Each structure stands twice: as C-alpha cells, then as structure tokens.
Amino acid sequence: MRVYELQNAGGIDGLKLLERPMPRPGPDEVLLRITAATLNYRDLLTIKGGYGSRQKLPLIPLSDAAGVVEAVGAGVTRFKTGDRVINAFFPNWLSGEPSEQKFVGAAGGQVDGVLSEYRVFPQHALVEAPAHLSDPAAAALACAGLTAWSAVVKFGGLHPGDTVLTQGTGGVSLFALQFAKLVGARVISTSSNDHKIAKLRQLGADATINYMTTPNWGSQVRALTGGRGVDLVVEVGGAGTANESIRATRVGGTIAMIGVLAQPAGDLRLPIVVMQQLRLQGVTVGSLEDFQMMINAIALHRQQPVIDKVFPFEQAPEAFAYMAAGKHFGKVAIAFGD
Ligand SMILES: NC(=O)c1ccc[n+]([C@@H]2O[C@H](COP(=O)([O-])OP(=O)(O)OC[C@H]3O[C@@H](n4cnc5c(N)ncnc54)[C@H](OP(=O)(O)O)[C@@H]3O)[C@@H](O)[C@H]2O)c1
C-alpha cells in the first residue's frame, strides 16, 4: 500500500510517498480502506516538528479519515466488510472527563496517521459515517467538527437568541458557526478577507467584521450587541486575539480557548477576566461519546461541512501547501480514489 511518510520535520519537503506492507487486523481490530482524509492546522504544525518530543518520526501524518471496512479481526461485532466509517480523534477517550491516558494515541502525532491507503483501527474507535455526507465531508468531522461542537454545544451553555463570536474562516470556525446557528444563536464572525466575509454571510453569519481593517474588533462586537458583549467566543487566535475577545465578551460569558493562530500582542487583560467573571474554557477536541452525539445531530439536520477543495492522493503535498497559503474557506481534503 502507498503511504506518505514524514521523514524529517522540514515542512512539506519532508513528506515522501512510499510503499509499506499491508497491515492485518488483529483481535477487535478493523482494517479500513481509506477513501478520504482532511487537513487540520495541527498537521501544518506537525510537518514542521511543532509537536516536539511527543511526535514520532518517521510519521504518517493526518488524523481524520473516512473509509470502507476492508476486513475485520476476530471478535469484531460492530462492523462488517463494506461498512462506511470515520475514526475518532482520541481513540482512548471513550467518555467522561479527559485524562492524560485518554489523550494517548491520536493519529498523525504520537502514532501513525491516516495519509495511508489502508490503516488498522480498534473497533471501538470507529463510528458509522453519516449517510448524507460525501467521503471528504465525513472525514472533516473528527477534529475540527468535534472541537467546534465541544466549544459551542458542550461548553457554550447557549440558549436560542444568545450571541456567539467566531474568528476567521478555517475548519473549526465554520463548524462553530453552523453549530451556533443550529442551537438558535446569533453569530458574529470575523475574517481577514472581504470575499470570505461574503461567504460567511451566505453560511448564515448575522454580522461580520474584517479583523484586518478593524483591528480593535472587540469594541465593534460590543457595539453590535448593544454594549453587552457576546455570550460565547470561539477563540482560535489564542494569545494574539484573546484581548479583543475579552473586550467582546459579556459579564459572565465564556471564551472557549481552542487555537494558537495569532502571535501574542501584549499582556493579557486578566484583570477584566476576574472583574467580569469571564470563564476561560480550554477545549481539546472531545470524547467518542461526544463524537457520536455530534454525528447524530449532523445526520438529523443533514448539516453539510464546508469543504473548500479536494486534492487527489497523489497531490497530498499540494494540499498542505494550499492550506499553508491560508486561502481556504473551511476544510481542505484529500480523496484517495479506487
Ligand atoms: N484545541 C483543540 O482541540 C483544537 C482542535 C482543532 C484545532 N485547533 C486549533 O484551532 C486553530 C484553528 O484550526 P483550524 O484547523 O480550523 O485552522 P485553519 O482551517 O487553518 O484556519 C485558519 C484560519 O484562521 C483564521 N485566522 C488566522 N489568523 C487569525 C487571527 N489572527 N484572527 C482571526 N482569525 C485568524 C484565518 O481565517 P481568514 O482567512 O478568514 O482570516 C485562517 O484562514 C488552530 O490554532 C488549531 O491548532 C485546536
């Protein structure tokens, strides 16, 4: 079978296409013929060695796949040959609170990932793919989808009529916009690009701000909420955007801390966090139980993840380069072909 191996952490040039022996499923394992995979910002960090000592080399990158069951090992009861499935980001986080142990085993980081024509998974780490989704769309759910679900639905504490702020137009943020609309919230979205802002509106954003032309967008968000501030910020910028997010959040509101896209810009306004009783909630993808809940909702509402572009397997390095260029709106995917 063909795989891409990251042989050194030198960026896209470190990726090599080569042959590896076909894996065989052991007891309670499923062999998947992978049909599609999607990229996350994490994968751009990974190919540059951004995961430090926790990252193995050589490494097959990418965490999120859709595929068809090719063979099952002894004792597999949940799946049969031909089933269409997707894999969970954390195979060992079944439910409940996270723990160090439950974080072990994420594909494309500590262990080999899914940029591989076949891969073996434990049966418990797979779930049925929503029937209405294409393979690339189903492959978008595991990391970006579940992270947004955790931020908006699990930790958001939202009610219909509440207001959510999303930042930028990457994978996590567009899922967050869609889930916020699903729970009946008003959504204010930012982007650096007016063309993408027009697309945000089409996707349902109620108000939009260009964060490049309005660098103090926190005040603008407050103005858009009559001075009150939003109930929830889906924070993907991190240290570089947190001060504007703090400014944008209502007294007692929540900032879901997810990403690290923006460089630090001065001291954090922590006194405001204290005085306005804001809740800073770290989010790390989610459990299999949450994954299944999200999938049920997506299937019920026939929600469509936003897929910007699909590259063939042979052009996987071009997919990384495309995402690194930051032109994408939503998810970048790779389709494996027959
Ligand atoms: N904690 C977790 O479990 C978890 C899970 C998934 C992702 N993440 C993190 O979440 C972040 C987003 O991941 P992703 O995969 O969705 O990335 P992505 O698809 O590559 O999204 C990148 C987009 O973010 C926007 N952006 C960049 N800098 C920004 C800034 N300073 N302010 C506002 N928006 C900015 C840009 O949108 P425009 O072009 O529209 O400006 C850019 O296109 C990353 O830091 C990633 O590591 C964390």
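Keep in mind that what you see is a predicted model, and the values were worked out from it rather than measured. Whatever order the structure lists them in is the order used to number ligands and atoms, beginning at 1.
Taking atom 12 (C) of ligand 1 as the reference point, the nearest protein heavy-atom neighbour is L261 CD1, 3.9 Å. Counting protein heavy atoms only, atom 37 (O) of ligand 1 is closest to T169 N, 3.1 Å. Among protein heavy atoms, the minimum distance from atom 7 (C) of ligand 1 is reached at V172 CG2, 3.6 Å. If you check which protein heavy atom lies closest to atom 19 (O) of ligand 1, you get G171 N, 2.9 Å. Among all protein heavy atoms, the one lying closest to atom 25 (C) of ligand 1 is G168 CA, 3.8 Å. In this structure, atom 44 (C) of ligand 1 lies nearest to the protein heavy atom Y41 CD2, 3.4 Å. With respect to atom 31 (N) of ligand 1, the closest heavy atom belonging to the protein is A262 CB, 3.3 Å. The protein heavy atom nearest to atom 21 (O) of ligand 1 is G170 CA, 3.1 Å.
Here Y211 has side-chain heavy atoms under 4.0 Å from ligand 1, and that is the only part of it that gets that close. With a heavy-atom cut-off of 4.0 Å, K331 does not touch ligand 1 at all. Of the heavy atoms in V283, only backbone atoms (N, CA, C, O) come closer than 4.0 Å to ligand 1.
Those atoms of ligand 1 that come under 4.0 Å of a heavy atom in T284, given as number and element, are 3 (O). With ligand atoms numbered from 1 in the order given, ligand 1 contributes 18 (P), 19 (O), 20 (O), 21 (O) to contacts under 4.0 Å with heavy atoms of H328. Contact atoms of ligand 1 toward S191: 38 (P), 40 (O), 41 (O) (distance under 4.0 Å to a heavy atom of the residue). Less than 4.0 angstrom separates some heavy atom of M323 from each of these atoms of ligand 1: 18 (P), 19 (O), 20 (O). Per-residue contacts place G259 under 4.0 angstrom from the following atoms of ligand 1 (heavy atoms of the residue considered): 9 (C), 10 (O), 11 (C), 45 (O).
Looking at heavy atoms from C-beta onward, P25 lies out of side-chain contact with V30 at the 4.5 angstrom threshold.
With atom 8 (N) of ligand 1 as the reference point, the heavy atom nearest to it among I197, I258, T190 is part of I258. Among T147, V234, L39, the residue whose heavy atom lies nearest to atom 4 (C) of ligand 1 is T147.
Salt bridge status for R20 with E5: present, with a side-chain N to carboxylate O gap under 4.0 Å. For E314 and R2, the salt-bridge test passes: some basic side-chain N is under 4.0 Å from an acidic carboxylate O. Of the charged side-chain nitrogens involved, none lies within less than 4.0 Å of a carboxylate oxygen, so that K16 and D13 do not count as a salt-bridged pair. A salt bridge between D206 and K181 is present, with a side-chain N of the basic residue lying under 4.0 Å from a carboxylate O of the acidic one. A salt bridge does not link K199 with D194: none of the charged nitrogens is closer than 4.0 Å to a carboxylate oxygen.
Relative to the six-membered ring of Y322, K327 misses at least one condition, a distance below 6.0 Å or an angle of at most 45° to the axis.
Between the side chains of E235 and S245, at least one donor N or O sits under 3.5 Å from an acceptor N or O. Between T46 and D43, the side chains place no donor N or O within less than 3.5 Å of an acceptor N or O (distance only, hydrogens not considered). Side-chain polar atoms of R250 and T225 form no donor-acceptor pair below 3.5 angstrom.
Put simply, the side chain of K102 never gets that close to the backbone of V104: no donor and acceptor are under 3.5 Å apart. Listed for the N216 side chain is no donor-acceptor partner under 3.5 Å among the backbone atoms of S219. Remark: the backbone N or O of T77 is paired with a side-chain donor or acceptor of Q123 at under 3.5 angstrom.
At least one heavy atom of C143 sits closer than 4.0 Å to an atom of ligand 1. Ligand 1 is never approached by K327 to a heavy-atom distance shorter than 4.0 Å. Look at V260 and you'll find a heavy atom under 4.0 Å from some atom of ligand 1.
Checking atom 48 (C) of ligand 1 against the protein gives a heavy-atom contact under 4.0 Å.
The N/O atoms of T241, backbone and side chain alike, include none that comes under 3.5 Å of an N/O atom in ligand 1. Any N or O atom pair closer than 3.5 Å counts here, and S192 shares at least one such pair with ligand 1. Looking at ligand 1, you'll find an N or O of V285 within less than 3.5 Å of one of its N or O atoms.
For K331 against G171, the heavy-atom pair with the smallest separation is CD-CA, 3.6 Å. When all heavy atoms of A139 and A65 are compared, the closest pair comes out as CB-C, 3.8 Å.
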